[in-house]
Chemist: 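Below you will find the structure I want to go over with you.
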Amino acid sequence: MSSAAWLTSLECSTSIVQSSDNSSSFSVMLKWLEFIFLAPCMQRILFLAIDLVFLLALLVLALKRLYNRFLIGRNSLEKPLLGVDSSGLRITLWFKATFVVIALLASAYAAVSILAFSRGLGSEWNVIEVSFKLLQAMTNVVFLVVIAHERKFGAVSHPLPLRVYWGCSSVLVCLFSATAVIRLVSSYENVDQDMEVDDFFSLASFPLYIFLFVVAIKGSTGISKNVEDDDENTRQDLHESSVDNLSGYATASLISRAMWNWMNPILRKGYKSPLQMDDVPTLPPDQQARRMAELFEIYWPKPSESSKNPVRTMLLRCFWKDLAFTGFLCVVRLAVMYIGPVLIQGFVSFTSGDRSNLDQAFLLIFILLISKSIEVLSSHHFNFLSQKLGMLIRSTLIAALYKKGLRLSSSSRQAHGVGQIVNYMAVDCQQLSDLVYQLHTLWLMPFQVGVALLLLYTYLGVSVGVSLVAVVSIMFITLTITRKTNSFQFNLMMNRDVRMKATTELLNNMRVIKFQAWEEHFYKKIQSAREKEYIWLSKFMYTISGNIILLWSVPLAITALTLGAATLLRVPLDAAMVFTATSVFKILQEPIQNFPQTLISVSQAMISFGRLDGYLTSPELEDSVEREEGCSGETAVEVREGVFAWDDEGSEHVLEDLSFEVKKGELAAIVGTVGSGKSSLLASVLGELRKISGKVRVCGTTAYVSQTSWIQNATIKENILFGSPMDSERYKNVIKVCSLEKDLEILEHGDQTEIGERGINLSGGQKQRIQLARAVYQDCDIYLLDDIFSAVDAHTGAEIFKECVGGVLKDKTVLLVTHQIDFLRNADLILVMRDGKIVQSGKYEELLQHDMDFSALVAAHDTSMELVEASTTLSPTNEVPTSPRNGQVQSELTTEQPGESKPSDKANSKLIEDEERETGRVSLNVYKQYCIEAYGWWGITAVILTSIFWQLLQMSTDYWLAYETSDNHSFVASLLGVYSGIAAVSCAFLAVRTLLVTFLGLKTAQSFFNQILDSILHAPMSFFDTTPSGRVLSRASSDQANIDVLIPLFLSVTIALLLSLLSALVILCQYTWPTIFIIIPLVWINIWYQGYYIASSRELTRLEQITKAPIIHHFSETISGATTIRCFRKQDKFIHGNLDRVNSNLRMNFHNNASNEWLGFRLEMFGSFLLCVSAVFLILLPSTIIQPEYVGMALSYGLPLNAVLYYTVYLGSFLENKMVSVERIKQFISIPSEAAWTKPDILAPPDWPNRGEIEIKDLQVRYRHNTPLVLKGISLSINGGEKIGVVGRTGCGKSTLIQVFFRLVEPYFGTIVVDGVDICNLGLNQLRSRFGIIPQEPVLFEGTVRSNIDPLGLYSDDEIWKSLERCQLKDVVSEKPEKLDSSVVDSGENWSVGQRQLLCLGRVMLKRSRILFMDEATASVDSQTDAVIQRIIRQDFALCTIITIAHRIPTVIDCDRVLVIDNGLAKEFDNPSKLLERSSLFGALVQEYANRSTGL
């Protein structure tokens, strides 16, 4: 029996499928499948079985409740039968709609069952038909009872059995409807009249069952809690979102959501003027990042579950319902996708036969329109919901990554690094987000291919076996290529991580790199990483190209093979059969094309899952500290027998046998030489170290001031408040005791002045005092202060100690790490550290009695003070000039100040400007720059020409098929050879075109990378002062990735689709010429719609890109200050800040995706309308105008027209959105450059500077053209070999003077001449490489000791060891197993600050420059080490000119001359002894230093 016979048979007996003796097992199985799924009788029996199983399950549940009630005595009859929920409920439209749909079905089935019964029960078919309809009516009545039961007891979700039944019944009704459509379309003569009535009933009930399927997936009854009964978080979310700017999606009706009408207000606004950030509505509460973060916490696998893939497990638990619903939409789309090709035969049969029955023809057109409409709706809602789900997944993961970053242990933070975690956020989260769209292809592809082959089998018989073999072979080849692609992708991502890490390091330390003229070294380092990345990128792109060539050749190849097999097997071929087959092959192309890409995405996702699993399960800080707040007793901090390590394994102990106790209100000082473990001791109290053994107890809240300042990119006021509420009195007092009053007075915007990234526009002292003010303002119980006096001058230090430590904090417990011996007399307890142990503890006088470490420290300090005290006797005591502190202080804050700007110009308080973004269309110039970047116009011209020839050859194959299947010709094998030849040439052009695009894309990507890297390295320091690193990193990661991979790929596909669209329109107009009158207005409408849409979509894409950078910047800032944030217990504040930034990005992404589907839905509906109009003309035009074979050809091109039309416009818009990456990179390629690195025409002598003579004439400096002068006309001469000390109050311009020597800031006026050469005439590298500098902030790079002390590899190991010996680090390094290859992690975090400063000193000692600048070079070392270093410097650099900035007077007291800078002016410049002989500012500073501990 044939497939067609099953569809019309009323037989119910299985005897008709009994196999004959010679039947194969496969044919028998096929017959059984056809009988079960195609025979109407068996379809109804299947449905009856499902009804009976459900009713039986319901009966069992009811009996169980009755048993519990009467025999066991449980009062369970008052509970709902299938689930219960709480009271306080409201009934929504969803509940009412569900009830009405079931009531309609119950009524309809009752009516048709009565009608069927009235016809009698004369046959087996009639009995089954009546039973089926009667049981359906009963089942739906039971549903009504259950739903009423749900309402009574307030069940908010449907029971699982009910949802399973609705799912199964919907699938069966889909089968009923599909067979009904086939019977109606195929015009079978032996169809029973009653069956026709049933078919129309099935089609009418189909939408109702689809609704019930949605209900089953969603699970909600439509009964919900009132808002007042929700928990606090939900109320807060609703409150935050119940604003005028809430997204229309939240309140949109079903029709509005179905057609995306809720997007109209945004698109209208975007069309009138470029969208701004505030124009884009906020997301509904259930889609906001806070809700996603809660879901993560709820569904993250517990440790007891021992999940191997926790991220994957969590995502499935969170979003399985959404995944199931998008899967259902895939099935719906698949069900209607094959209706079009099936209809081709009907159209060809009609046009070639009797044309009198127009009703049948218009029925075909009506079915075509309905199927295309359902296809458009399902496909676009699948796209939108998949993108929305992807967005929610990305939101969930970013929130989780951020939270994890706040909990990472020290070794975990070092293992991953900020650059790598940025990649987790920017790349891995995005890949998992993109996976959702392609995930269903995995299971749908075999199903889709199977349906296609089954359909072909009904037309071509066993010759379709060739298609099956071809598909399987292609899949096998594709899988092999995909495995290679997977390997290449993994290596590509690994090498991209390395490049991003190097780029992050470059950006974070740019000031030091420019001081040392290491730009070329870092250029080579990043280029080396890029070259390795580029090798894997090339392999990755060429394998993808191979896949594209293979898969785009599939329709032609399979068509040739299958038709060839059919010809050999003598299967009669006509136009209807051939073009039905080619249409199916074109549909088959989609799953075969997408499947490998899905496998690539899945393989990439597996890599991303592994990376995220590794990060999210990496060790966290253990809660090793017993914390109590408001506890009784006298002890504030207690450590007993503590052993601590930085690494998680605890293999290397940094603190051992640690036992001490600090009572409430005591000042405990911690002292010791460099690297003795002082900062580690504070870290152990904070819980930042891994506790191996012992006990740590802290009684009260803690505040922490780190040795390396951590300042946020915010205003001064926001930094001090740190999220706490404003208390004016306390705030003013904090400003006063932290000596910030004068700094704020000279700023026009005062405490509203914005601080640059990492406090880059503040002096070291200002940063230290601001973070001290932050700690004091928090009013905690215990203060841990790590060397807070190292970056401030003597007077300021004494003032802070007196007013702050000994003033507002006198009743607080303070643990103070310091090298300032003067302050130790006031300490209640002194802990002396050596090699990670406390070797002495007690009061000052007690410790001096023992000849140990403390005595040595005090002796070194006393020696340095003897010269100072001797010098003070030379200074007149009757007239000490006014301290510069009491005069006006010149701040180094690079913002507007009085007298230089208009007071009304408030914008200047904002140092970090909002990111620049273009508005309007992406300029054609951007496209031109991209297309001609590699090989000019030749490259893009070659791509377009090969694309045109390829498309023309594809059209030629279809023309040939139409010609050969006409009534005048017979389809023979020899003519098929012509078809195969054309197809082979077409595939050759496809291969050339694809490889050419890949080659040009790779060359273009590399060109852009080289340009932006060169531009960044040549940018002036002011660019890095005012540009957050996140903006640069986003261009280096996601924007560069777009140019590497996506833009060449989508540019190629867009050109191909555009040509396909043109070919389809040409063929439709050729054979249905009246269509041209429809096409012209439709083309205009499409162009208008695209313009209307792109105006908003483009801006949303730009805003989406701009809102990504703050997420990355905020994260890297958080990681840097994680210890401070944890100490102050501000994790929630920072997490909330991250969620706000994520929400800002998500709302751009969400509405951008919605705008895409808004456009796509409309364009595809226009395309479907155009197809149906063309079909009308096909049946109305006489056969003399259009022959039947060309009807099939026109329809085969017209069926995919809606999708081609949409994807052409969509991918064109998508490409324009991705072109924003080119635009953004071009912005940074055109950064104004600093002066040339080298000037071949102006070369200083090879030994310059050989004397070290410096002459400064009227030097004036300002940071930017609209800021005031920082240095206001300094003139002085320095002789070769002189040792010059530079002193002055914090922020007076000392460090600025050094920056001018290195031309990090160019002189506004005046000159600096060194050994007869004006430094402004030299190339920057020549200038900077000849000077030596030890900067204020010690910077180390990830690598080894050797690579840090000798980055350029210019010196031998012996020279390096000698340098380490001179800078007091030889013993420390030689004790490490790896010696010179000992590890230095990111930012040198595994070395103390003092050791980092000594390593920086070692670099200079190795370099042996003739002129040496030292900017607070020994601020973080103890007096003993400082004295040794100063002595070694004077010995090693005896003949060199040394300019030293110092706050320690002993450091500069024996200089040849001292320069006193005040308010940007050189107030004094003379020999220290001469300055002390008269009333001088220097004398005042010396006197303050000598007397600073007096009265404390």
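Numbering of residues begins at 1 and proceeds along the displayed sequence.
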Chemist: Any chance you could measure Leu1459, atom CG, to Ile1278, atom CD1, to the nearest 0.5 Å?
Modeler: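 Interatomic distance, Leu1459 CG to Ile1278 CD1, rounded to 0.5 Å: 7.5 Å.
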Chemist: Considering non-hydrogen atoms only, spot the tightest contact between Ile711 and Ile770 and give its length.
Modeler: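 So the two residues come closest at CD1-CG2, 4.0 Å.
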Chemist: For Phe1341 and Phe522, I'd like to know if the aromatic rings sit close, meaning centre-to-centre distance below 6.0 Å.
Modeler: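 They qualify: ring centres under 6.0 Å apart.
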Chemist: Quick check against the 3.5 Å criterion: does Thr1441 have a side-chain atom that pairs as donor or acceptor with the backbone of Gly1281?
Modeler: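 It does hold such a pair.
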Chemist: What distance do Leu1369 atom CG and Leu1401 atom CG have between them, rounded to the nearest 0.5 Å?
Modeler: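 Atom-to-atom, Leu1369:CG and Leu1401:CG are 8.5 Å apart.
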Chemist: How long is the straight-line distance from CD of Gln707 back to CD1 of Ile788, given to the nearest 0.5 Å?
Modeler: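 So the CD1 of Ile788 and the CD of Gln707 are separated by 11.5 Å.
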Chemist: If you apply the rule side chain to side chain contact (heavy atoms under 4.5 Å, CB included), what do you find for Val1261 with Leu1269, and how did you get there?
Modeler: CA-CA 6 Å; Val1261 175; Leu1269 291 172; over 6 Å; no
Chemist: Check Asp1470 with Arg1457, please: is the shortest side-chain N to carboxylate O separation under 4.0 Å?
Modeler: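 No salt bridge links Arg1457 with Asp1470.
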Chemist: Is a donor from one side chain sitting under 3.5 angstrom from an acceptor on the other, for Gln1299 and Arg511?
Modeler: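 Yes.
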Chemist: Checking Arg1403 side chain against Asp1350 main chain: does a donor-acceptor pair fall under 3.5 Å?
Modeler: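 No, because the side chain of Arg1403 does not come within donor-acceptor range (under 3.5 Å) of the backbone of Asp1350.
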Chemist: Can you tell me if Ser1363 uses its side chain to pair, donor with acceptor, with the backbone of Met1405 under 3.5 Å?
Modeler: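 Not a single qualifying donor-acceptor pair exists.
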Chemist: Take Val1458 and Ile1284 through the side chain to side chain contact (heavy atoms under 4.5 Å, CB included) test and state the conclusion after the steps.
Modeler: CA-CA 6 Å; Val1458 173; Ile1284 304 298; over 6 Å; no
Chemist: Taking only Lys NZ, Arg NE, NH1 and NH2, and the carboxylate oxygens of Asp or Glu, determine whether Glu1234 and Lys514 approach each other closer than 4.0 Å.
Modeler: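 Here Glu1234 pairs with Lys514 in a salt bridge, since their nearest N and O are under 4.0 Å apart.
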Chemist: Set out, in order, the CA-CA distance, both residues' side-chain angles and the distance that settles side chain to side chain contact (heavy atoms under 4.5 Å, CB included) for Lys1272 and Gln1260, then state yes or no.
Modeler: CA-CA 5 Å; Lys1272 303 176 180 179; Gln1260 297 177 27; 5.7 Å; no
Chemist: Can you check whether Asp787's main-chain N or O pairs, donor with acceptor, with Thr818's side chain at less than 3.5 Å?
Modeler: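 No, Thr818 side chain to Asp787 backbone: no donor-acceptor pair under 3.5 Å.
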Chemist: If we ignore hydrogens and angles and just use 3.5 Å, is the side chain of Gln771 paired with the main-chain N or O of Ser706 as donor and acceptor?
Modeler: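 Yes, because the side chain of Gln771 sits within donor-acceptor range (under 3.5 Å) of the backbone of Ser706.
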Chemist: Using only atom types and a distance under 3.5 Å, with no angle test, would you say the side chain of Asp786 pairs donor to acceptor with the backbone of Val817?
Modeler: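 No; zero donor-acceptor contacts below 3.5 Å.
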Chemist: Please name the pair of heavy atoms, one in Pro1249 and one in Arg1330, separated by the smallest distance, quoted to 0.1 Å.
Modeler: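 Scanning both residues, the minimum pair turns out to be CD-CB, 3.8 Å.
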Chemist: Please identify each residue that fulfils ring-ring contact (aromatic ring centres under 6.0 Å, His included) with Phe1437, with sequence neighbours left out.
Modeler: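 Listed in chain order: nothing, the list is empty.
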Chemist: Do the side chains of Ile1298 and Phe1331 get nearer than 4.5 Å, heavy atoms only?
Modeler: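 No - every pair of side-chain heavy atoms lies 4.5 Å or more apart.
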Chemist: Taking the six-membered ring for Trp and the full ring for Phe, Tyr or His, determine whether the centres of Phe1413 and Phe515 are under 6.0 Å apart.
Modeler: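 No, the ring of Phe1413 stays outside the 6.0 Å limit from the ring of Phe515, centre to centre.
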Chemist: To the nearest 0.5 Å, tell me how far Leu1481 CG sits from Leu1475 CG.
Modeler: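 Atom-to-atom, Leu1481:CG and Leu1475:CG are 9.0 Å apart.
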Chemist: State, yes or no, whether a side-chain contact exists between Ile1254 and Ile1443 at a heavy-atom distance under 4.5 Å.
Modeler: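 SC-SC contact between Ile1254 and Ile1443 confirmed.
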Chemist: Can you tell me if NZ on Lys1362 sees more than 12 non-hydrogen neighbours from other groups inside 6.0 Å?
Modeler: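 Check fails, neighbour count at 12 or below.
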Chemist: Counting only heavy atoms not in Tyr1308, do more than 12 fall under 6.0 Å of its OH?
Modeler: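 It does not: Tyr1308 OH has 12 such atoms or fewer within range.
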Chemist: Distance-only, no hydrogens or angles: does the Ser1409 side chain make a donor-acceptor pair with backbone N or O of Leu1412 under 3.5 Å?
Modeler: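 Here the side-chain-to-backbone pair does not exist.
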Chemist: Please examine the side chains of Ile720 and Asp751, heavy atoms only from C-beta on, and report whether any two atoms are closer than 4.5 Å.
Modeler: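 Not in contact.
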Chemist: I'd like to check Ser1233 versus Pro1020 (side-chain heavy atoms, cut-off strictly below 4.5 Å). Are they in contact?
Modeler: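 In short, these two side chains do not touch, never coming nearer than 4.5 Å.
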Chemist: Is any NZ, NE, NH1 or NH2 atom of the basic residue among Glu1306 and Arg1303 found under 4.0 Å from an Asp or Glu carboxylate oxygen of the other?
Modeler: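 Looking at Arg1303 together with Glu1306, the answer is yes, because their closest N to O distance falls below 4.0 Å.
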Chemist: Under 3.5 Å, is there a donor-acceptor pair between the side chain of Asp1315 and the main chain of Gly1252?
Modeler: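 Answer holds: yes.
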Chemist: Using the side chain to side chain contact (heavy atoms under 4.5 Å, CB included) rule, take Phe1309 and Arg1262 through it: C-alpha gap first, then chi angles, then the decisive distance, then the call.
Modeler: CA-CA 9 Å; Phe1309 187 80; Arg1262 63 174 82 230; over 6 Å; no
Chemist: Quick one: are Ile1442 and Met1414 in side-chain contact, heavy atoms under 4.5 Å?
Modeler: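 Side chain of Ile1442 against side chain of Met1414, heavy atoms only: contact under 4.5 Å found.
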Chemist: If we ignore hydrogens and angles and just use 3.5 Å, is the side chain of Lys678 paired with the main-chain N or O of Thr673 as donor and acceptor?
Modeler: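 Side chain of Lys678 to backbone of Thr673: a pair is present.
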Chemist: To check you understand the geometry: which heavy-atom pair defines the closest contact between Ala1236 and Lys1239, and what is its length?
Modeler: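 Nearest heavy atoms, Ala1236 then Lys1239: CB-CG, 4.3 Å.
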Chemist: How about Glu520 and Asn1325: do any of their side-chain heavy atoms sit closer than 4.5 Å?
Modeler: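 Yes; the side chains approach each other to less than 4.5 Å.
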Chemist: Who pairs with Phe1469 by ring-ring contact (aromatic ring centres under 6.0 Å, His included), at least two apart in sequence or on another chain?
Modeler: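 Once residues adjacent in sequence are excluded, Phe1469 has no partner under the ring-ring contact (aromatic ring centres under 6.0 Å, His included) criterion.
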Chemist: Rounded to the nearest 0.5 Å, how far apart are CD1 of Ile1445 and CD1 of Ile1334?
Modeler: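 It comes to 12.0 Å.
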Chemist: Are the side chain of Lys1283 and the backbone N or O of Ala1438 linked by a donor-acceptor pair below 3.5 Å?
Modeler: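 A pair under 3.5 Å: yes.
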Chemist: Working to the nearest 0.5 angstrom, can you tell me the gap between Lys1474 NZ and Ser1480 OG?
Modeler: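 One gets 13.5 Å once the value is rounded to the nearest 0.5 Å.
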Chemist: Decide whether Gln766 and Arg769 meet the rule of one side-chain donor and one side-chain acceptor closer than 3.5 Å.
Modeler: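 On atom types as modelled, these side chains do not qualify, holding no pair under 3.5 Å.
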Chemist: For residues Phe1302 and Arg1328, report the shortest heavy-atom separation together with the two atoms involved.
Modeler: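 Shortest heavy-atom contact: O-NE, 2.8 Å.
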Chemist: Is the shortest side-chain heavy-atom distance between Phe789 and Leu816 below 4.5 Å?
Modeler: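 They are in contact (side-chain heavy atoms under 4.5 Å apart), so the answer is yes.
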Chemist: Regarding Arg1410 and Glu1253, does a basic nitrogen lie under 4.0 Å from an acidic carboxylate oxygen?
Modeler: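 Looking at Glu1253 together with Arg1410, the answer is no, because their closest N to O distance does not fall below 4.0 Å.
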Chemist: Provide the closest heavy-atom pair for Met510 versus Phe1024 in the form atom of the first, atom of the second, distance.
Modeler: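 Shortest heavy-atom contact: CE-CZ, 3.5 Å.
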Chemist: Can you name the nearest heavy-atom pair linking Leu1324 to Ala1235, along with the distance?
Modeler: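 Shortest heavy-atom contact: CD1-O, 3.2 Å.
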Chemist: Flag the pair Gln1326 / Thr1238 as yes when at least one side-chain heavy-atom distance between them is below 4.5 Å, and no otherwise.
Modeler: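 Side-chain contact under 4.5 Å: no.
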